[in-house]
Amino acid sequence: MTEEEKLEIMRHSAAHVMAEAVQSIFPDTKFGIGPSIENGFYYDFDLPRSLTPDDLSLIGSKMNEIIAADMPFVRQEVTKEEARRLFAAQPYKLELLDEIPDEKVGVYRQGSFIDLCRGPHVDSTGEIKAFKLVSIAGAYWRGDEHQPMLQRIYGVAFVAKKALDEHLKKLEEAAKRDHRKLGAELDLYSIHEEAGPGLVHWHPKGAVIRRVIEDFWKDEHIKRGYDIIYTPHIAKLDLWKTSGHWEFYRDNMYSPMEIEGQEYVLKPMNCLGHILIYKTRLRSYRELPLRYAELGTVYRYERSGVLLGLSRVRGFTQDDAHIFCRFDQLEDEVVGVLDLARFMIDTFGFTTYRVLLSTRPEKYAGALKVWEEATDTLRRALEKLDVAYEIDPGEGVFYGPKIDIKFEDALGRGWQGPTIQIDFNLPQRFDVTYIGEDGREHSVAMVHRTVLGSMERFLASLIEHYGGAFPVWLAPLQVMIIPIADRHLDYAHQLEDELRNEGMRAKVDTRSERVNLKIRQAQLDKVPYMLIVGDKEVADSTISVRLRSGEQAASQSLDSFKRSVRAAIASRAKDLEL
RNA sequence: GCCCACAUAGCUCAGCAGGUAGAGCACGUUCUUGGUAAGAACGGGGUCACCAGUUCGAAUCUGGUUGUGGGCUCCA
């Protein structure tokens with residue numbers, strides 16, 4: 001048995017102990033399920049009243065008593081009949097019981113608590129070493145929103161106190177990097193109650209980062225044979241009826257608005273505009289593939305409870321593109337997108353990612369054979385590039401299979417990254433075709449893809465990945481010039497001009513404050529370079545450079561500094577070096 | 001949308017059991033011109049998220065609304 005498996009068993013046992021503790025406090029508790037999860041465990045309860053944080057510490061100390069008593073876990077095999085008697089007062093357990101095909105079921109008993117459970121468990125409660133109850137949450141029975149809502153208690157558990165503390169520390173570290181917190185501290189963006197939830201306002205500093213990313217994105221796409229286009233934010237409702245969105249995606253779309261007797265809606269996707277552009281004339285096989293790219297802003301209704309900072313919003317800009325090609329070009333196109341995706345992930349400094357190939361879901365459009373071929377195409381593309389991938393069965397979109405790439409940030413948390421989706425539905429609905437060599441019409445293969453996802457969510461991942469200390473090429477302010485006394489202002493402004501002429505983002509801190517304060521604030525703003533200039537620097541036309549890392553570089557000429565910074569920007573360096 | 005919690009100055013938070021608000025930072029003015037993470041003094045700033053209700057009286061109690069957070073469900 002691996003250490004990880006042992007840990008899982010211990011966590012699961014901790015869930016049972018928690019259930020016993022809850023039972024001792026609320027004897028009429030109806031129990032849901034209580035599995036082990038990443039870092040810990042949870043158990044769902046149907047209780048006579050809502051739990052409070054005070055209950056949590058009470059339950060926690062009760063658990064400690066049970067652990068101290070070192071009660072053995074006893075497994076028993078019973079018939080379903082016996083089990084039904086044992087759990088007569090436990091409707092959720094009875095429901096589970098009904099779904100077990102076997103005649104005999106396992107039950108585990110420790111102390112006064114008995115639970116329907118396959119096991120295994122630790123030998124006795126004393127083997128649970130380090131745990132902490134962390135939160136109370138509502139959770140639907142069986143994860144179904146039509147079922148009753150139970151109260152879930154989450155706990156974390158580890159083999160030793162040290163590991164538990166490390167985990168808690170990691171959570172603290174994550175909280176410090178939270179993009180919502182840093183977004184406010186670094187003055188990057190805001191969301192306003194007055195304007196509406198999930199609607200992002202980009203401040204100048206956040207806008208700089210976004211613009212730099214967008215410029216880079218556009219250049220890179222143009223290099224790779226994409227055409228940049230723009231399409232409107234609203235379109236007639238009928239268009240969305242033709243596409244099927246109004247039928248299948250309506251829950252995520254905003255209500256129509258009336259304009260001169262016609263109904264219009266905000267676009268939830270960019271694809272239709274791209275199709276309309278494609279269809280403005282007959283297309284020859286000679287001009288395929290056509291790759292239309294747009295930083296397209298879309299609006300989707302998201303239920304209020306799911307909104308989250310920049311990572312889940314109601315209006316967002318996708319780095320979208322649609323590729324129209326012949327089916328025999330599809331594989332190369334997918335290879336091209338994958339290559340671009342890897343390039344982007346790498347450029348932005350993410351080092352690990354998972355690739356998922358999602359196959360046909362139960363409800364799907366198009367012919368089975370076409371699905372299989374397309375799925376194969378995706379697979380071949382992945383293999384051609386030697387990309388390790390996992391199959392995510394049945395997780396494709398109804399209109400086609402897809403590849404999703406999830407990357408991890410510096411704290412190992414996963415983020416939805418690039419996605420590549422093949423679409424059999426829209427080309428058919430809009431009759432998107434090209435004229436082949438044979439002079440006849442053929443239907444095109446259509447690929448939807450994003451490589452960053454959305455600007456909003458991608459920025460969230462970047463903020464958290466770098467903890468706000470962006471690489472120079474992305475930093476909103478790259479150089480803060482700090483004059484020691486007011487008499488150094490002229491020199492400071494002269495440096496500022498020279499840097500700005502280079503296209504660098506530089507600023508002089510002109511306030512009559514002490515150097516210490518200015519450095520501290522530039523440091524808190526995570527400005528990569530600070531140039532400190534005083535009498536000495538003015539006298540020999542040099543600068544003194546301090547890095548965000550706290551490191552002090554040798555006194556040097558502005559030219560040599562410019563050279564280093566220029567190189568760091570051009571190479572999109574992740575680390576500061578001089 | 002559902003469960004739970006929270007909402008006091010631009011920010012972080014005090015305000016314990018109902019008697020019309022405080023601190024630090026930030027901001028403004030003045031003094032200080034200081035060499036690598038906070039110089040000092042003074043000052044301005046809040047219809048205590050919003051709407052009702054209870055009460056002689058509500059930031060404080062009750063209900064509703066809005067927003068935020070932790071989850072569930074759903075997703076770029």
Side-chain angles (χ1 to χ4, degrees), chain A residues 42 44 46-47 49-53 55-56 134-154 175 178 180-181 184-185 187 190-198 249 251-252 268-270 296-298 300-320 397 404 415-419 421 448-458 460-461 482-489 511-525 530-537 544-548 550-553 555:
Chain A
Y42 69 79
D44 288 343
D46 193 343
L47 295 166
R49 66 163 173 85
S50 296
L51 292 170
T52 68
D55 293 323
L56 226 52
V134 288
S135 64
I136 309 164
Y140 299 108
W141 169 237
R142 322 203 86 177
D144 180 344
E145 58 184 316
H146 304 293
Q147 298 272 9
M149 181 159 278
L150 310 178
Q151 298 189 65
R152 174 173 299 176
I153 301 178
Y154 282 96
D178 191 314
R180 293 165 299 186
K181 182 176 145 72
E185 280 175 9
D187 197 16
S190 56
I191 292 174
H192 303 264
E193 184 169 349
E194 303 91 307
Y249 204 70
D251 287 349
N252 286 288
M269 294 184 187
N270 301 304
T297 304
V298 298
R300 298 184 188 172
Y301 168 71
E302 299 286 354
R303 298 157 116 195
S304 55
V306 307
L307 299 172
L308 183 77
L310 284 179
S311 47
R312 193 77 183 272
V313 294
R314 284 181 172 163
F316 55 98
T317 301
Q318 292 181 301
D319 69 306
D320 212 352
V397 201
D404 281 325
W415 293 81
Q416 170 68 50
T419 171
Q421 309 181 347
H448 306 251
R449 45 110 288 181
T450 70
V451 292
L452 306 178
S454 71
M455 299 312 297
E456 287 74 9
R457 186 176 284 180
F458 190 68
S461 71
I482 299 177
I484 286 175
D486 290 352
R487 64 177 176 280
H488 309 120
L489 274 172
R511 297 172 304 166
S512 296
E513 295 288 353
R514 303 175 76 147
V515 189
N516 283 334
L517 184 89
K518 295 183 192 175
I519 287 179
R520 173 180 156 81
Q521 290 185 349
Q523 193 78 48
L524 291 174
D525 279 345
M530 288 161 245
L531 305 188
I532 289 92
V533 293
D535 290 338
K536 191 169 149 303
E537 286 73 19
S544 165
V545 186
R546 181 194 162 106
L547 303 184
R548 173 171 65 194
E551 203 180 326
Q552 177 72 35
S555 192

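Throughout, a chain's letter reflects where its sequence line sits, starting with A, and its residues are numbered from 1. As the structure is a computational prediction, the values presented were derived from the model and not from experiment.
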So [X], base contact, sugar-phosphate only, or nothing? Heavy-atom distance under 4.0 Å.
| X | answer |
| --- | --- |
| A:Asp320 | nothing |
| A:Tyr249 | nothing |
| A:Gln523 | base |
| A:Gly534 | base |
| A:Glu537 | base |
| A:Leu307 | sugar-phosphate |
| A:Val298 | nothing |
| A:Ile482 | nothing |

Answer yes or no: is there a side-chain heavy-atom contact under 4.5 Å between [X] and [Y]?
| X | Y | answer |
| --- | --- | --- |
| A:Ser544 | A:Lys536 | no |
| A:Arg511 | A:Asp486 | no |
| A:Gln416 | A:Ser311 | no |

Only residue of A:Thr419, A:Leu452, A:Thr297, A:Asn270 satisfying side-chain contact (heavy atoms from CB on, under 4.5 Å) with A:Gln318 is A:Asn270
Side-chain (A:Asn252) to main-chain (A:Arg300) donor-acceptor, under 3.5 angstrom: no
Please answer whether the main-chain N or O of A:Arg312 pairs with a side-chain N or O of A:Glu456 as donor and acceptor at a distance below 3.5 Å.
no
Rounded to whole angstrom, note down the [atom1] distance from [N] over to [M].
| N | M | atom1 | result |
| --- | --- | --- | --- |
| B:rA9 | B:rA52 | C1' | 26 Å |
| B:rC4 | B:rU62 | P | 15 Å |
| B:rG24 | B:rU8 | C1' | 15 Å |

Writing each nucleotide of RNA chain B 5' to 3' as (, ), [, ], | or . by Watson-Crick or G-U pairing under 3.5 Å yields (((((((..((((.....[..)))).(((((.......))))).....(((((..]....))))))))))))....
I need the [atom1]-[atom2] distance between [X] and [N], as an integer number of Å.
| X | N | atom1 | atom2 | answer |
| --- | --- | --- | --- | --- |
| A:Asn516 | B:rA38 | CG | P | 5 Å |
| A:Arg487 | B:rU32 | CZ | P | 15 Å |
| A:Arg303 | B:rC75 | CZ | P | 10 Å |

Which of B:rG34, B:rA38, B:rG69 is nearest the side chain of A:Ala485? It is B:rG34
Open item on the list: Using the six-membered base ring of B:rG71, report whether A:Tyr154 stacks on it, requiring centroids under 5.5 Å and planes under 30° apart.
Closed with: no
